[in-house]
Amino acid sequence: MLVSLNWLKNYVDYGDLTPEQLGEKITKSGIEVDGIEYVISETSDNIVVGYVKECEQHPNADKLKLCQVDVGEEELLQIICGAPNVAQGQKVVVAKPGAVLPGDFKIKKVKLRGIESNGMICSLQELSVGERFVHSQYAEGIVVLPEDAVVGEEVDALLNLDDAILEFDLTPNRADALSMIGVAYEVGAILDEDITLPEPTLPSSDEKVADYVEVKIDDLEACPYYGAFIIKDVEVKPAPLWMQNYLLAAGVRSINNVVDITNYVLLEYGQPLHAFDYDLLNSKEIVVRRAKEKEQIVTLDDQTRTLSEDNLLITNGEKGIALAGVMGGADTEVNDATTTILLEAAYFDGQVIRQTVKETGLRSDASTRYERGIDPNRVREAGIRACELLAKYANGTVVEGVAEVDELDRNDWTVDINTQVVNRRLGTAISNDEMEAILRKLRFGYEVNGDDITVTIPTRRGDITIFEDMLEEIARIYGYDHLPYTLPANASKPGGLSDEQLLRREVNGYLQSIGLSEAITYSLLNKKDASSFVSPELSNDLKPVSLAMPMSEDHQYLRLSLIPELLSRLTYNVARKQANVGLYELGSVFLSEEQEVTKQPKEYLRLSGAITGHWLDHAWQEEVKQVDFYVVKGIVEGLFKYLNLDVTYQQAKVEDMHPGRCATLYHGDVAIGFLGQVHPAVTNERDLKETYVFDIDMEYILQLDRDPLMYEPVPKYPSILRDIAFVVSNTVQAGDIQSEVKRVGAPLVTKVEAFDVYTGDNVKADEKSLAFNIHYQDPNKTLTDEEVDASMKEIVTAIEEKFGGYVRS
Amino acid sequence: MSLIKGGIIVQEQLKQLEQEAIEKVANVVDLKALQEIQVAYTGRKGSITEVLRGMGKLSKEERPIIGELANKVRASIQATIDEKKAALELEQLEKQLEKETIDVTLPGRPVQFGGSHVLTSLIEEIEDLFIGLGYEVREGPEVETDYYNFEALNLPKGHPARDMQDSFYITNELLLRTHTSPVQARTMRALDGQEPIRMICPGKVYRRDSDDATHSHQFTQIEGLYVDKNVRMSDLKGTLDLFAKKMFGEDRDIRLRPSFFPFTEPSVEMDISCKVCSGEGCSVCKQTGWIEILGAGMVHPSVLEMAGYDPNVYTGFAFGMGPDRIAMLKYGIEDIRRFYTNDMRFLKQFHEA
């Protein structure tokens with residue numbers, strides 16, 4: 001809502017407050033003033049109405065005119081003007097010598113092509129009028145003022161140059177402030193000022209409205225009131241300049257006096273009105289009914305609209321003439337030839353209009369007001385106000401009476417409050433007297449009985465229905481600034497994070513400490529990404545959940561894995577010369593097996609990472625290490641060590657992953673994710689070099705019972721370390737040998753670590769040598785070499801038998 | 001006992017040798033030459049040995065005297081050589097260390113570290129602040145039912161305020177949550193009107209906005225809820241003041257102004273004075289001197305009632321804010337999309353913090 005302060009002054013006096021000060025007060029009381037606009041950026045004296053008495057060709061210049069202009073002074077001003085539209089007999093805007101136009105342009109006597117010029121005839125642009133405040137008829141050339149402009153008067157008021165416009169950012173509850181009168185009530189309450197409102201009356205006449213039209217309503221719930229006024233002998237022409245000015249300030253373009261008056265009253269009363277050309281109705285009745293399925297109407301914007309039973313239609317008894325509350329029909333539009341007007345003032349149900357707006361996508365000043373709810377007590381009055389203005393500014397004759405169907409509830413209602421309860425809820429100490437003063441400022445009726453007050457809520461404030469609504473009204477007029485600062489007096493208990501939340505923070509801390517950056521990525525992906533890299537332990541029947549009405553294909557499906565979007569982030573970075581990228585994310589995936597979704601998908605927290613480029617980069621020392629499988633495995637192993645969980649790794653084939661460089665993760669028998677190299681075909685397509693990822697089921701890990709930490713005594717006896725290398729077939733995996741060594745060597749073998757893999761000289765082509773450290777430890781005594789030798793012998797035998805390997809000497 | 005002629009000659013020879021050796025040692029400049037001197041004088045075939053060979057010609061009485069003298073001379077020469085050797089070795093070490101000099105201005109081996117996303121850091125900071133005030137952190141699903149996202153929050157179907165947050169629906173009854181408030185509704189419902197509540201709920205939310213510098217279809221929110229007996233609006237004001245001063249600095253001014261949310265009544269919007277212009281008015285605060293930071297209010301009685309709390313017994317307040325917006329203001333980030341593109345050059349700026 002754009003509020004012209006010059007317009008507002010007609011209803012309420014805001015004294016000496018600057019627009020900024022007034023805006024600040026309004027903001028602090030509950031309606032946010034989002035901005036303040038000025039019609040012109042700089043003002044100046046000595047800019048007045050002039051009358052062009054004579055206008056001749058400049059003797060020395062083809063494009064200049066020599067004008068003698070009356071500016072209400074004894075002498076005429078001789079002014080040279082270059083505007084093509086200047087002519088004798090016009091009322092124009094004159095900047096007299098002494099005026100200062102924007103850009104510090106001082107007007108003084110000058111000679112132009114040998115002839116004296118004593119001022120300047122101005123265009124609105126030259127006065128620095130903001131673009132949106134330039135009337136369409138003044139867009140080109142100098143301003144030609146109406147004939148009734150008074151010669152010699154300053155033009156500020158006439159052209160509304162001194163206006164400032166407050167831009168309201170209204171919350172949906174404050175429908176009352178969608179009108180100048182509503183704003184006047186608000187400002188009156190804030191400043192404790194009286195307000196002056198129009199009191200229109202319907203003139204009497206010889207003719208009765210019943211002879212022209214009869215109103216019928218089919219659906220009284222959707223339309224409890226419809227009033228039709230008839231104004232005849234109307235002269236369609238431009239509206240008075242002051243009205244055009246106000247409309248322009250409010251952001252509405254001037255069309256003609258009839259349309260402008262309906263818009264003016266809409267803005268003044270918050271009541272939408274519509275003018276039909278009566279002669280084009282071709283009937284003497286108005287029937288308000290639901291549209292039929294597939295019924296069509298051509299609206300004012302020349303669009304054919306196909307309707308449904310959800311829409312309310314104004315008809316001439318036969319066919320639609322307006323889409324109720326939203327837009328009029330093209331067939332009955334007021335035009336230059338119109339002489340008789342049927343003026344509609346109606347009350348339509350907000351929900352019905354909202355539905356129509358949603359279906360048609362048409363939103364107008366009228367529909368916005370209906371959707372939010374209008375004041376039932378202003379419907380008819382607004383119609384009468386428009387009739388009055390049409391009589392005055394369109395020379396119309398108002399036919400007596402209004403053709404109407406009226407089932408509208410115009411009753412106000414009451415809300416009970418109690419001073420003590422108000423104070424208890426707000427934490428204040430407002431007295432009964434103060435409370436009454438607040439209600440008076442709001443212009444609400446009330447009855448006092450001790451601390452009990454019964455407040456009568458006027459129908460313009462449909463947003464106030466319960467005690468808490470009144471609480472806010474009292475608090476905002478009292479001033480939120482004046483509320484005390486307290487903290488709750490209730491007993492408190494310690495707050496904190498749950499075990500799961502703490503664990504998540506620890507996992508974050510670990511990954512960050514080893515060099516990964518946390519990413520936050522989008523949950524909504526395109527179809528392909530949303531269903532790639534699904535961890536193999538998840539069901540095969542998963543379908544990514546789709547939005548019903550996505551904004552784009554890029555963000556249509558809920559992700560089943562975090563990896564695709566992490567890869568996109570790698571590509572983004574690599575494309576910007578960030579070749580070494582390590583990202584991880586802790587976020588939800590959305591699992592549903594339903595073909596047609598009916599239930600909330602399961603939201604599983606997953607921990608995923610993606611790394612490409614150098615992992616170690618000590619540039620000048622020439623120690624550069626490309627990320628590889630074992631880097632990523634090391635990160636994941638470190639995590640599980642940190643979390644004190646035993647996890648095993650199995651060679652696996654996972655879609656979109658390198659077939660030979662991928663492992664699935666197991667905690668006991670439970671599969672909990674995978675890690676490895678992304679399939680080169682995928683990385684190629686994504687413009688990435690070798691890239692490694694991991695993906696872990698955090699949902700599972702978070703729900704595990706964590707063993708309480710217990711101290712284990714530091715070993716008292718020395719341990720023994722043996723190295724051994726086995727030559728085995730290339731197909732044998734180190735992990736299998738390691739498990740076998742552990743199994744055979746138990747319980748003395750405490751740790752087995754692979755430390756070398758060798759192929760080449762002295763080893764056959766299809767074989768490899770795997771070397772291990774084997775740690776022996778007896779917690780109860782010092783081990784002897786004989787004991788260890790015996791165990792080693794058993795181990796060697798077992799490896800030879802199981803894997804066909806032999807000890808490398 | 002005195003020496004006769006032969007003894008005197010040997011004695012003279014030894015003294016001469018000693019003097020000669022000491023002089024040579026003094027002039028030596030490297031260990032190799034020193035070694036040669038040692039061999040020449042004190043070695044098995046050295047000069048002293050040679051002199052002693054002539055002892056056979058001496059008298060029985062003279063021999064021990066000369067023998068003793070010879071030992072003294074040998075020891076004296078050896079001591080001179082040892083001393084010189086130590087000096088030469090030290091000199092050599094110093095030369096070698098000098099050669100080992102490195103460029104200390106070259107960079108060290110980098111220690112690798114990553115870091116939190118700025119939104120996570122900010123959310124954790126807010127969590128910790130409220131944990132200190134006795135709040136718990138609660139979470140809930142991102143795909144919500146229409147009931148918990150809207151209806152339980154006093155936004156029945158067809159409510160005009162639903163426009164304020166156009167949503168991503170999956171079915172008529174399921175949608176991506178438009179705010180974290182449903183977590184509050186779920187928590188209240190779970191406690192069934194029996195217990196006081198002190199909670200904050202951070203998380204991702206989604207709205208039907210085209211992505212641009214100030215809009216993102218996905219962003220984060222953190223909301224708080226305090227429900228108990230006799231909770232006053234002044235308690236909300238005090239709590240928000242405490243929060244804002246901790247979060248944005250003690251020197252910030254705070255302004256509450258009335259607003260509207262369907263789930264609170266009265267409703268509040270909180271502004272803090274603009275840090276950039278200190279309230280003078282600038283482009284960051286749109287010339288107002290104030291920056292909108294959060295929305296809040298007293299929990300609407302219908303919301304309490306729907307969740308099983310008797311609004312005549314329990315009252316409460318709720319507040320909510322957007323970490324994305326706060327981070328943008330706090331760090332001067334110009335484009336909300338930066339949070340989700342995860343440019344390393346962006347992310348790393350917040351790792352040292």
Side-chain angles (χ1 to χ4, degrees), chain A residues 27-30 171-173 351 354 371-372 425-427 468-469 471-472 475-476 480 483-488 490 492-497 501 508 511-523 545 547-549 551 555 569 572-573 578 581-583 588 590 597 600-601 603 618 620, chain B residues 106 109-110 112-117 119-120 130-131 133-137 141-143 145 158 160-161 164 168-171 174 196 198 204 208 210 217-218 226 228 231-235 237-239 241 256-260 265-266 268 286 300-301 315 339-345 347-348:
Chain A
T27 294
K28 281 171 85 170
S29 307
T171 51
N173 59 323
Q351 295 263 24
R354 188 179 151 79
E371 278 184 68
R372 298 203 180 173
R425 291 289 195 88
L426 296 179
E468 283 75 10
D469 297 329
L471 203 56
E472 177 170 280
R476 75 185 187 91
Y480 280 17
L483 294 178
Y485 294 91
T486 60
L487 287 176
N490 309 73
S492 193
K493 54 174 188 169
L497 294 171
Q501 289 160 347
N508 274 318
L511 289 168
Q512 290 161 16
S513 72
I514 58 100
L516 293 181
S517 299
E518 188 197 9
I520 297 178
T521 67
Y522 292 137
S523 310
V545 173
L547 298 179
M549 291 193 323
M551 292 179 73
H555 304 298
R569 298 303 99 218
Y572 178 94
N573 276 290
Q578 304 282 302
V581 194
L583 295 175
S588 289
F590 302 82
V597 177
Q600 283 168 282
E603 292 181 26
H618 301 163
W620 64 270
Chain B
L106 278 168
R109 273 164 214 263
Q112 194 146 270
F113 62 92
S116 268
H117 193 282
L119 292 177
T120 305
F130 281 100
I131 285 169
L133 294 173
Y135 288 62
E136 289 178 346
V137 179
E142 291 171 39
V143 176
T145 60
M164 282 160 69
F168 285 123
Y169 274 91
I170 292 165
T171 68
L174 292 178
R198 257 149 267 186
K204 296 188 180 107
R208 230 187 144 69
S210 295
H217 74 276
Q218 175 184 318
Y226 191 115
D228 207 334
V231 179
R232 302 158 293 182
M233 195 166 166
S234 56
D235 297 334
K237 191 175 176 182
T239 302
D241 186 62
L256 296 189
R257 52 190 169 75
S259 188
F260 171 76
E265 190 73 38
V268 169
K286 291 200 283 179
H300 197 287
T315 51
F339 297 122
Y340 304 99
T341 44
N342 298 288
D343 190 319
M344 292 300 284
R345 294 166 295 179
L347 297 177
K348 283 191 183 234

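Keep in mind that the numbers below use all heavy atoms, side chains included, and drop hydrogens, waters and symmetry copies. To find a chain, count down the sequence lines: A is the first, B the second, and so on, and within it residues start at 1. These numbers come from a predicted model, not from an experiment.
Looking at A:S517, both its backbone and its side chain come within 4.5 Å of chain B, counting heavy atoms on both sides. Only the side chain of B:L347 comes within less than 4.5 Å of a heavy atom of chain A; its backbone N, CA, C and O stay farther away. For B:S116, the parts sitting under 4.5 Å from any heavy atom of chain A are the backbone and the side chain alike. Heavy atoms closer than 4.5 Å to chain B are found in the backbone of A:P494, but not in its side chain. Within the 4.5 angstrom heavy-atom criterion, only side-chain atoms of B:L174, from C-beta onward, approach chain A. Proximity to chain B is limited to the side chain of A:Q351, based on heavy atoms less than 4.5 angstrom apart. Looking at B:F130, there are no atoms closer than 4.5 Å to chain A (heavy atoms on both sides), in backbone or side chain. Only the backbone of B:Y135 comes within contact range of chain A, with heavy atoms under 4.5 Å apart.
Residue with the most contacts toward chain B among A:N573, A:V597, A:L483: A:N573 (heavy-atom pairs, distance under 4.5 Å). Ranked by heavy-atom pairs shorter than 4.5 Å toward chain B, the options A:K493, A:M549, A:Q578, A:M551 are led by A:M551. Of the listed residues (A:G30, A:A548, A:P488), the one with the most heavy-atom contacts under 4.5 Å to chain B is A:P488.
Ring to ring, B:F168 and A:H555 are not that close: their centroids are 6.0 angstrom or more apart.
Every side chain to side chain contact (heavy atoms under 4.5 Å, CB included) that A:A519 has, sequence neighbours left out, goes to A:T521, A:L566, A:L583, B:N342. Scanning for side chain to side chain contact (heavy atoms under 4.5 Å, CB included) contacts around A:K28 gives A:E24, A:D481, B:R255, with sequence neighbours left out.
At a threshold of 4.5 Å between non-hydrogen side-chain atoms, the residues B:V231 and A:R425 do not count as touching. Residues A:L547 and B:Y169 fail the side-chain proximity criterion, which asks for heavy atoms closer than 4.5 Å. A:E472 is not listed as a side-chain neighbour of A:D469, based on a closest heavy-atom distance of 4.5 Å or more.
The shortest heavy-atom contact between A:S29 and A:R476 is O-NH1, 2.7 Å.
Donor-acceptor pairing under 3.5 Å is lacking for the side chains of B:D343 and B:T341.
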